[in-house]
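Okay, so here's the structure we're looking at.
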Amino acid sequence: MKKEQKHETDYIRKYQEEGYTANFLFENGCLLDSETKYAYKPEEIFIVAHHRYEGMSDPDDMSILYVIETGDQKKGTHLMGYGPTADLEEAEFFKDIPEDNYSVNADVQKLT
């Protein structure tokens, strides 16, 4: 598996240029659109892609950038920590997203 050299913000900008402008936050067991405040359940979320990152100076600094589309056509991103510092409730939310809601090419690491 080839490691990504870009930083999370590089990919966030790239996806924003492609129309993924919504910012999703995890709050109260749901993924919240920061603008509309609509709270999405796992079955309403579709994962287009995700990128994993590991900090160069601190291996415990790990995150995943999710590229998301929703059932009501919102497109945006969500950055989540994983590893030792992960929010377990947030991780469970993403585990609860139906497997069919993940794009065939969602795991970018498998493609690089």
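Note that the coordinates shown come from a computational prediction; the quantities given were computed from them, not determined experimentally.
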Anything under 3.5 Å between a donor and an acceptor, one on a side chain of residues 87-100, the other on a protein residue two or more places apart or in another chain? List them.
| residue | atom | partner | partner atom | Å |
| --- | --- | --- | --- | --- |
| Asp87 | OD1 | Glu89 | N | 2.9 |
| Asp87 | OD1 | Glu90 | N | 3.1 |
| Glu90 | OE2 | His78 | NE2 | 2.5 |

Point to revise | Steps toward side chain to side chain contact (heavy atoms under 4.5 Å, CB included) verdict (Val48, Tyr66) | key: CA-CA 8 Å; Val48 175; Tyr66 286 100; over 6 Å; no
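Put simply, the side chain of Tyr11 does not reach to within 4.5 Å of the side chain of Gln16, judged on heavy atoms. Side-chain contact between His51 and Tyr15: present, with at least one pair of heavy atoms (C-beta onward) separated by less than 4.5 Å. The shortest side-chain heavy-atom distance between Ile68 and Leu31 falls under the 4.5 Å cut-off. Contact annotation: the side chain of Glu69 never approaches that of Ile45 to less than 4.5 Å [non-hydrogen atoms, C-beta and beyond]. Under the 4.5 Å side-chain criterion, counting only non-hydrogen atoms from C-beta, Asp33 is in contact with Phe24. Looking at heavy atoms from C-beta onward, Leu65 lies out of side-chain contact with His50 at the 4.5 angstrom threshold.
Tyr38 and Ile47 end up in the same hydrophobic cluster when Ile, Leu, Val, Met, Phe, Trp and Tyr side chains are linked at under 4.5 Å. Met80 and Phe26 fall within the same hydrophobic cluster, where Ile, Leu, Val, Met, Phe, Trp and Tyr residues are linked whenever their side-chain heavy atoms come under 4.5 Å apart, directly or through other members.
Listed here is the closest heavy atom pair of Arg52 and Ile64: CG-CG1, 4.1 Å.
Under the rule for a salt bridge (charged side-chain N to carboxylate O under 4.0 Å, His left out), Glu27 has no partner lying at least two apart in sequence or in another chain.
Here the side chain of Thr77 pairs no donor or acceptor atom with the backbone of Val67 at under 3.5 angstrom. Using a distance-only test at 3.5 Å, with no hydrogens or angles considered, a donor-acceptor pair links the side chain of Asn101 to the main chain of Glu43.
With respect to the salt-bridge test (charged N to carboxylate O, under 4.0 angstrom), the residues Glu18 and Lys14 qualify.
Checking Asp72 against Tyr40 by side-chain atom types alone, a donor-acceptor pair falls below 3.5 Å.
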